[in-house]
Undergrad: 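The structure's right below; bear with me while I get my questions together.
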Amino acid sequence: MKIVTVIAAGGTGTRMNAGINKLLIPIRGKTVIRRSIEAFRGLTDEMMIAACPADLEEIRQEAERAEADFPIAVVPGGQTRQESILLALKSAAFGEDDLVLVHDGARCFVEADVIRRVIDACLEKGSGVPGIPVTSTIKMTDASLRVTRTLPRDQLMEIQTPQGFPALALLKASMEAAEKGYAVTDDASVMEKCGYPVQIVEGSARNIKLTRPEDLGHVKGEMTMPSFRVGTGYDVHVLTEGRKLILCGVDIPWEKGLLGHSDADVALHALMDAMLGAAALGDIGKHFPDTDERYRGISSILLLQKTAELLREHGWEVSNADVTIVAQKPKLLPHIPQMRKNTADAIGCDIGRISIKATTTEHLGFEGRGEGISAQAVCMISRDD
């Protein structure tokens, strides 16, 4: 048995009035679609995204950036949600015991517990659809908005996704619904129309569907507890004649410079290692090896920009960074304001988040003897998980 998740992402989200597909709106460093993908880590074997054809490439790029432990296929969606899901189901290869979970891409805050309850219900009862009790009074009206009936609130549930069913059964029901022209708004309705039992499981009030601007404002207001990580970095370069002394992108007049494959900006190298370490993304040797001729003589400011972009691709942003440069000479204090500005600009953050300090070793060690310069860095990064 395998579990295949199908993400409905074929709409454009015009009611959000954001100027772009609502699934591509970033929320604290991650797009809506990317958050929806990552919600299924450890809970699915495969994923298919039925995407709006106009945004196919951008959604495919977001799928590639997502931290997922399963393969993802992005396929063009149809004119309606129902058609998009059917196209995705037809493009998959299902075994007799496989399950399929269909999820709205705009429900990017679905919790793992909800997904697990859906899967367990599928295994035990043949289907699983999350729902929460309706708390408002619901009335039916005619075309003139005259009330025709008040529905019994204690029998009503607000339905969410993911909705789980045996894969072949949902495929068969979806094909039947298309042939008979059933107009439905979710896959549970498809199954109901075709006579399949649908089992409700406990949903979550947090599992909202982002539809209107106020929905987005609400969830951003709720996201007040980001995750924090801390990384440290350390680097050393030899001082030698015939090289420029570059520190934090500042060309400092001095009789010697630092030796290295790039511009040997020891301070930024320590900072990049701290950033990458905090995000568990390796080190600068992994991403910018000194065996690669593309990086010979390159400005470390450019490498810092690339490092910051890499962190953003993984949803992280720099909360603050503190760099200490250890050098007996030259005097660095006059250059520190420009160093801070260069560093902040390259990372894309406020200068108030960047601290650059310089110290000596009182003539002790290789720094004190003027043989080299070292740097240490501490960096805190944050994101919403």
Side-chain angles (χ1 to χ4, degrees), residues 3-93 100-112 115 160-164 167 170 174 185-187 207-213 215-216 219-220 223 309-317 383-385:
I3 299 173
V4 178
T5 298
V6 176
I7 301 282
T12 58
T14 54
R15 284 177 289 178
M16 184 62 74
N17 196 29
I20 61 171
N21 189 324
K22 65 182 177 183
L23 300 184
L24 297 172
I25 295 173
I27 300 177
R28 296 294 293 268
K30 288 187 181 181
T31 59
V32 171
I33 187 63
R34 184 171 161 190
R35 288 181 176 276
S36 292
I37 293 168
E38 293 180 353
F40 287 83
R41 281 182 292 193
L43 297 168
T44 192
D45 299 303
E46 299 176 14
M47 179 174 285
M48 303 187 67
I49 303 176
C52 174
D55 300 309
L56 195 68
E57 187 54 37
E58 287 184 84
I59 289 178
R60 184 173 285 120
Q61 290 173 5
E62 287 302 303
E64 291 173 354
R65 294 187 182 109
E67 296 179 22
D69 55 1
F70 44 81
I72 305 172
V74 181
V75 299
Q79 294 297 313
T80 64
R81 182 189 188 280
Q82 189 177 348
E83 184 182 348
S84 293
I85 298 304
L86 180 54
L87 288 170
L89 293 174
K90 283 183 174 180
S91 65
V100 64
L101 308 178
V102 182
H103 186 61
D104 290 331
R107 292 187 185 272
C108 62
F109 297 106
V110 62
E111 297 155 316
I115 301 172
Q160 303 174 337
T161 66
Q163 300 181 0
L170 180 58
S174 298
T185 55
D186 70 349
D187 300 279
N207 186 19
I208 69 169
K209 184 177 181 180
L210 300 178
T211 304
R212 297 176 177 85
D215 299 330
L216 196 59
V219 298
K220 285 185 175 180
M223 294 176 67
E309 289 170 7
L310 181 61
L311 261 64
R312 283 192 289 271
E313 288 173 5
H314 285 78
W316 295 105
E317 63 178 30
R383 75 174 181 190
D384 292 295
D385 287 325

Undergrad: Could you list the residues that satisfy side chain to side chain contact (heavy atoms under 4.5 Å, CB included) with Glu46, not counting sequence neighbours?
TA: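 With neighbours one apart ignored, the set is Lys2, Val4, Pro71.
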Undergrad: Please check: side-chain N/O of Arg41 versus main-chain N/O of Glu38, any donor-acceptor pairing under 3.5 Å?
TA: yes
Undergrad: Do you know the tightest heavy-atom contact between Gly42 and Asp69?
TA: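 Shortest heavy-atom contact: N-OD2, 3.0 Å.
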Undergrad: Run the side chain to side chain contact (heavy atoms under 4.5 Å, CB included) check on Val32 and Ile27 step by step: do they pass?
TA: CA-CA 7 Å; Val32 171; Ile27 300 177; 3.9 Å; yes
Undergrad: Using the side chain to side chain contact (heavy atoms under 4.5 Å, CB included) rule, take Thr161 and Asp186 through it: C-alpha gap first, then chi angles, then the decisive distance, then the call.
TA: CA-CA 9 Å; Thr161 66; Asp186 70 349; 5.9 Å; no
Undergrad: The criterion is side chain to side chain donor-acceptor pair (under 3.5 Å); which residues satisfy it with Asn207, sequence neighbours excluded?
TA: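 Scan of Asn207 (side chain to side chain donor-acceptor pair (under 3.5 Å), adjacent residues dropped) gives Gln160.
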Undergrad: Going by side chain to side chain donor-acceptor pair (under 3.5 Å), name the residues that satisfy it together with Arg81, two or more places apart in sequence or in a different chain.
TA: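 Side chain to side chain donor-acceptor pair (under 3.5 Å) check on Arg81 returns Asp104, Asp187.
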Undergrad: Hey, could you give me the CD/NZ distance between Glu67 and Lys30, rounded to the nearest 0.5 Å?
TA: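 Reported value, rounded in 0.5 Å steps: 5.0 Å.
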Undergrad: What is the distance from atom CG of Asn21 to atom CG of Asp55, rounded to the nearest 0.5 Å?
TA: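 Rounded to the nearest 0.5 Å, the CG-CG separation comes to 4.5 Å.
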Undergrad: If you compare all heavy atoms of Thr5 against all heavy atoms of Phe40, which two are closest, and at what distance to 0.1 Å?
TA: OG1-CD2, 3.6 Å
Undergrad: So, for Ala88 and Ala50, which heavy atoms are closest and what is the spacing to 0.1 Å?
TA: CB-CB, 4.3 Å
Undergrad: Just do the side chain to side chain contact (heavy atoms under 4.5 Å, CB included) check on Val75 and Leu87 with the steps written out, would you?
TA: CA-CA 8 Å; Val75 299; Leu87 288 170; 5.8 Å; no
Undergrad: The criterion is salt bridge (Lys or Arg N to Asp or Glu O under 4.0 Å); which residues satisfy it with Glu111, sequence neighbours excluded?
TA: none
Undergrad: Glu309: which residues meet the side chain to side chain contact (heavy atoms under 4.5 Å, CB included) condition with it, sequence neighbours left out?
TA: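 Arg312.
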Undergrad: How close do Leu89 and Ser174 get, counting heavy atoms only, and between which atoms?
TA: CD1-OG, 3.8 Å
Undergrad: How long is the span from the CD atom in Glu58 to the CD1 atom in Ile20, to the nearest 0.5 Å?
TA: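 These two atoms lie 7.5 Å from each other.
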Undergrad: Which residues pass the side chain to side chain contact (heavy atoms under 4.5 Å, CB included) test with Ala63, not counting sequence neighbours?
TA: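 So Ala63 forms a side chain to side chain contact (heavy atoms under 4.5 Å, CB included) with Ile37, Ile49, Ile72, Val74.
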Undergrad: Step by step, work out the side chain to side chain contact (heavy atoms under 4.5 Å, CB included) result for Leu24 and Ile59.
TA: CA-CA 7 Å; Leu24 297 172; Ile59 289 178; 4.1 Å; yes
Undergrad: Can you tell me how far CD1 of Ile85 sits from CD of Gln163, rounded to the nearest 0.5 angstrom?
TA: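 Answer rounded to 0.5 Å: 9.5 Å.
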Undergrad: Check Arg383 against His314 and note the closest heavy-atom contact, atom names and distance.
TA: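 In this case the closest contact between Arg383 and His314 is NH1-O, 2.8 Å.
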Undergrad: Quick check for you: to the nearest 0.5 Å, what is the distance between Lys22 atom NZ and Ile25 atom CD1?
TA: 8.5 Å
Undergrad: Roughly how far, to the nearest 0.5 Å, is CD of Glu62 from OG of Ser36?
TA: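 Taking OG in Ser36 and CD in Glu62, the distance rounds to 11.5 Å.
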Undergrad: Which atoms form the tightest heavy-atom contact between Pro162 and Ile115, and what is the distance?
TA: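 So the two residues come closest at CG-CG1, 4.1 Å.
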